[in-house]
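Here's the structure, in structure tokens; my notes come after.
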Amino acid sequence: MPLNYGYTLAQTGNGIPQEVHNDILWGNEMEFDIKNIDDRQFDYLKLLSKTYRNIQEASTEIINLEAILNLPKGTEHFVSDIHGEYSSFAHILRNASGVIKIKIDQTFGGYVSPEERSTLATLIYYPEEKLELIKKNETNMTDFYVKTLHRLITLLSVVTVKYTRSYVRKQIPKEFSYIIEELLFGDTVAQAKGEYKDKIIQTIIETGVADDFIIKMCDLITQISVYRLHVLGDIFDRGPGADIVLDMLSHYHSVDIQWGNHDIVWMGAACGNKACIANVIRLCTRYDNLHTLEIGYGISLRPLLTFALDVYANDPCERFRPFISREDAMSSSDYESLSKICKAIAIIQFKLEGRLIEAHPHYEMDSFRHLHNIDYKKGTVTIDGVSYPMNDCSFPTIDPADPYRLSAEEEAVMNRLKEAFLESKNLQQHIAFLFSKGTMYKTYNGNLLFHGCMPLNNNGTFMPIMTAEGPKKGKEWFDYAEQVVRRGYVASKHHPDDNNRDIDFFWYLWCGYKSPLFGKKKMTTFERIFIDDKETWKEEKNPYYKLMDNVDVVENILEEFGLDRNTGHIINGHMPVKAGSNPVHAGGRAFVIDGGFSKAYQKTTGIAGYSLIFNSQGFMLAAHEPFISKEKAIINEIDIHSTTVAKEGITDRMYNRDTDNGIDMRKRINDLKMLLSAYRNGLITQET
């Protein structure tokens with residue numbers, strides 16, 4: 001089959017002068033020397049001839065690809081650190097980070113009032129709900145339909161200008177494909193054609209399908225405004241809708257994902273890694289996010305609840321209170337139960353992590369183990385040679401002589417939970433999606449995308465990481481990490497045992513010292529819970545975050561991944577950009593786009609997320625204000641206000657020929673030209 005570049009011309013010669021078409025068809029100035037091709041090349045051409053069976057078909061595809069190369073590149077949309085905040089993320093997708101509102105203002109600003117433009121924007125974002133509201137208040141729906149349909153067709157023509165007719169045609173919903181094509185592509189200059197379109201719109205209204213037609217048009221505008229969506233990790237975490245976000249992404253027309261550390265811990269949990277399972281459950285209980293576990297994925301915590309209520313019956317578990325008010329909890333007993341569950345799973349987590357670190361000394365994380373450094377009589381713990389008093393000394397399941405051994409009851413609980421994670425159909429489908437669309441990093445159109453960091457030494461050189469297969473650093477470390485977790489995922493489908501080092505590795509990527517997804521020397525969960533001295537809570541960042549403003553360092557990283565050090569960019573998330581800090585580094589060569597989708601981080605960032613747009617004319621970084629609610633967005637037409645915080649223009653507009661797809665297309669064109677020569681020289685027989 002022909003390669004799918006996202007574009008295909010509707011007919012031969014669209015955008016190609018007839019004389020060029022004739023040159024391709026008849027071979028003028030296009031002959032390749034194919035007399036000396038080797039057997040492998042010849043076999044490839046024979047295989048290609050099964051798809052392009054004769055000169056006409058091969059030449060038509062060349063014409064298609066040549067024309068596509070000269071269209072402007074599509075718009076890329078970058079988001080990061082969604083953290084389960086479904087409502088905010090859904091709105092950002094619907095308004096394309098403000099791009100749709102900009103297009104509306106540019107298109108209709110001269111003759112449509114600001115109020116009507118806001119109504120049109122809200123209608124495009126939420127067509128079904130907004131239509132219902134409009135019908136309750138509008139006195140003349142016929143006039144509304146006529147006006148709205150004309151405006152939607154005009155706007156669609158604006159957002160599709162950089163695509164071929166065939167690409168647009170593939171996006172159009174089948175039930176209205178003919179009508180939309182006639183309205184979109186038909187000539188409106190001639191009076192008769194204009195009357196023809198008016199009649200189509202009139203008939204849409206008279207037949208009672210105007211609502212359905214408007215809904216499909218709005219969805220089409222939203223979809224086609226973004227050619228490619230890049231999600232730079234951390235879909236999971238504190239918000240209640242990670243499963244809903246993944247449902248949406250799995251149906252998105254063009255998306256790739258760079259795994260974040262919160263994604264990898266869920267991926268590890270779904271592969272049966274008990275330490276990952278414990279971390280996931282602790283975070284869900286701590287942030288009152290049981291909805292994702294129990295409703296989204298059908299994972300019952302009843303075995304853990306029964307265990308926690310029994311073992312910690314007389315323990316108030318003060319240090320494990322969920323981060324919600326008692327008023328927000330369903331009941332006082334619910335609040336108490338969450339606290340006990342959180343402590344029970346935290347103790348299990350520390351035991352499991354200690355065992356993993358002991359089993360894998362190359363992780364270099366022995367300072368992460370604390371249970372054997374507790375003086376259980378004095379109630380103190382020694383960390384980095386310093387003894388600290390502990391604020392909680394109730395450990396009924398810890399044996400001081402063997403502190404990392406699970407009790408029989410803890411072992412039984414974790415076995416039940418592991419089964420639940422492995423058997424959750426919805427979770428397993430989402431993890432399969434993350435493996436199919438996700439990677440540790442991605443190079444795309446000259447840019448390097450990853451979630452966390454490139455582990456660096458203080459002098460900017462690549463930090464070596466000791467692995468079970470020898471030291472790794474730079475790009476080799478990223479590639480190795482991805483290979484191991486993919487191997488672990490496959491193993492989990494056949495042998496999900498507790499002694500598989502590939503499955504263990506998911507946990508390391510979640511919080512490991514040199515993990516490119518974590519980027520800190522240590523995760524201080526134990527210290528934050530049991531020690532009041534906040535000096536022990538500090539989590540030292542990898543030097544990468546200080547060196548991001550060093551142009552040489554950024555360019556060396558780009559070069560390491562095979563990108564142009566003079567024109568490429570690094571784009572990552574993970575570290576919330578503090579209010580007043582600049583998300584743009586190294587003179588515009590690196591972007592950090594974690595601006596606080598998660599409500600928990602918005603006090604730090606002062607905003608509610610960043611979005612980066614990369615179109616044919618350059619980059620635009622937008623900062624978003626908090627999203628109030630879908631209901632207020634619809635009723636009061638309150639959009640997420642987005643402020644452009646950085647722009648980087650491109651001297652020469654980018655076309656498809658300048659993209660990664662363009663490189664593939666040019667290779668395809670050369671192959672097809674060789675096939676034409678093979679046909680003309682009689683080396684391969686044409687089929688009719």
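Hydrogens, waters and symmetry mates are skipped; everything else that's a heavy atom, side chains included, is used.
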Fill in the blank from the handout: Nearest heavy-atom contact between Arg565 and Arg589 is O-NH2, 2.6 Å
Completion exercise
In short, Met440 meets Pro516 closest at the heavy-atom pair CE-CG, 3.5 Å
Problem - Centroid-centroid distance, Trp266 to Tyr297, less than 6.0 Å - result: yes
Handout entry: Side chains of Phe450 and Ile571 in contact at under 4.5 Å (non-hydrogen atoms)
Key = no
Practice task
Sort out for me which residue in Asn615, Thr659, Asn445, Asn447 forms a side chain to side chain donor-acceptor pair (under 3.5 Å) with Glu76.
Solution key: Asn445
Problem - Arg238 with Glu85: basic N within carboxylate O range, under 4.0 Å - result: no
Practice task
Look only at the side chain of Thr160 and the backbone of Tyr163, and say whether a donor-acceptor pair between them is shorter than 3.5 Å.
Solution key: no
Problem - Donor on one side chain, acceptor on other, Glu138 and Asn140, under 3.5 Å - result: no
Exercise for the section: Could you tell me whether the side chain of Met141 reaches within less than 4.5 Å of the side chain of Lys135, counting heavy atoms only? Expected result: yes
Problem - Donor-acceptor contact below 3.5 Å, side chain Asn289 vs main chain Gly239 - result: yes
Problem - CD/Glu128: more than 12 non-hydrogen atoms of other groups inside 6.0 Å - result: no
Exercise for the section: Report yes if some heavy atom in the side chain of Thr443 is under 4.5 Å from a heavy atom in the side chain of Leu449; otherwise report no. Expected result: no
Exercise for the section: Give the C-alpha distance, both sets of side-chain angles, the deciding distance and a yes or no for side-chain contact (heavy atoms from CB on, under 4.5 Å) between Ile124 and Ile104. Expected result: CA-CA 10 Å; Ile124 291 171; Ile104 290 172; 4.0 Å; yes
Fill in the blank from the handout: Taking every heavy atom of Pro173 against every heavy atom of Lys216, the minimum-distance pair comes out as CG-CB, 3.7 Å
Problem - 4.5 Å side-chain heavy-atom contact, Gln429 and Leu246 - result: no
Practice task
Check the side chains of Tyr544 and Asn572 for a donor-acceptor pair under 3.5 angstrom, ignoring hydrogens and angles.
Solution key: yes
Handout entry: Main-chain N/O of Tyr145 paired with Thr148 side-chain donor or acceptor, under 3.5 Å
Key = no
Exercise for the section: Measure from the side-chain N and O atoms of Lys136 to the backbone N and O of Leu131, and report whether any donor-acceptor pair falls under 3.5 Å. Expected result: no
Exercise for the section: Output yes when a side-chain donor or acceptor of Asp263 lies under 3.5 Å from a complementary backbone atom of Ile235, and no otherwise. Expected result: yes
Exercise for the section: Measure up the Phe78 and Phe619 rings against each other and bin them: parallel (under 30°), tilted (30 to 60°), perpendicular (over 60°). Expected result: tilted
Exercise for the section: Check step by step if side-chain contact (heavy atoms from CB on, under 4.5 Å) holds for Ile613 and Val99. Expected result: CA-CA 9 Å; Ile613 298 294; Val99 168; 4.1 Å; yes
Exercise for the section: Report the C-alpha separation of Leu71 and Arg657 in whole Å, then their side-chain angles, then the decisive distance to 0.1 Å, and conclude whether the side-chain contact (heavy atoms from CB on, under 4.5 Å) test is met. Expected result: CA-CA 8 Å; Leu71 287 170; Arg657 61 176 177 264; over 6 Å; no
Exercise for the section: List the steps, then state whether side chain to side chain donor-acceptor pair (under 3.5 Å) holds for His451 with Tyr441. Expected result: CA-CA 8 Å; His451 174 70; Tyr441 70 92; over 6 Å; no
Handout entry: Inter-residue atom distance Ile205.CD1 - Thr142.OG1, 0.5 Å rounding
Key = 6.0 Å
Handout entry: Arg94 and Thr222: CA distance, side-chain angles, deciding distance, side chain to side chain donor-acceptor pair (under 3.5 Å) verdict
Key = CA-CA 6 Å; Arg94 291 178 184 277; Thr222 299; over 6 Å; no
Exercise for the section: Check whether any side-chain N or O of His77 sits under 3.5 Å from a backbone N or O of Val226 as a donor-acceptor pair, and report yes or no. Expected result: no
Exercise for the section: Could you go through the side-chain contact (heavy atoms from CB on, under 4.5 Å) check for Asp243 and Ile295 one step at a time? Expected result: CA-CA 9 Å; Asp243 55 308; Ile295 306 301; over 6 Å; no
Problem - Asp664 vs Asp660 side-chain heavy atoms within contact, under 4.5 Å - result: no
Handout entry: Donor-acceptor contact present, side-chain Ser157 to main-chain Thr154, <3.5 Å
Key = yes
Handout entry: His230 ring center near Tyr444 ring center (under 6.0 Å)
Key = yes
Practice task
For residues Val592 and Asn582, determine if any side-chain heavy atom of one lies less than 4.5 Å from a side-chain heavy atom of the other.
Solution key: no
Completion exercise
Note: Leu563 and Gly446 closest approach over all heavy atoms is CD1-O, 3.8 Å
Problem - Heavy-atom side-chain proximity of Leu123 to Cys218 below 4.5 angstrom - result: yes
Practice task
Classify the angle between the aromatic ring planes of Tyr111 and Phe108 as parallel (below 30°), tilted (30 to 60°) or perpendicular (above 60°).
Solution key: perpendicular
Practice task
Could you tell me whether a side-chain N or O of His83 sits under 3.5 Å from a main-chain N or O of Pro240, the two making a donor and an acceptor?
Solution key: no
Practice task
With the side chain counted from C-beta on, respond yes when Lys101 and Asn95 share a heavy-atom pair under 4.5 Å apart, and no when they do not.
Solution key: no
Practice task
Report yes or no: do His262 and Asp81 form a side-chain donor-acceptor pair below 3.5 Å?
Solution key: no
Problem - Carboxylate-amine/guanidinium contact Arg668 Glu61, below 4.0 Å - result: no
Exercise for the section: Could you tell me if the ring centre of Trp259 sits under 6.0 Å from that of Phe236? Expected result: no
Handout entry: Main-chain N/O of Gln223 paired with His253 side-chain donor or acceptor, under 3.5 Å
Key = yes
Handout entry: Donor-acceptor contact present, side-chain Arg117 to main-chain Val112, <3.5 Å
Key = yes
Problem - Shortest non-hydrogen contact from Ser225 toward Thr75 - result: O-CB, 3.7 Å
Exercise for the section: With Lys162 as the cation and Tyr227 as the aromatic partner, state whether NZ or CZ is under 6.0 Å from the six-membered ring centre and within 45° of the axis. Expected result: no
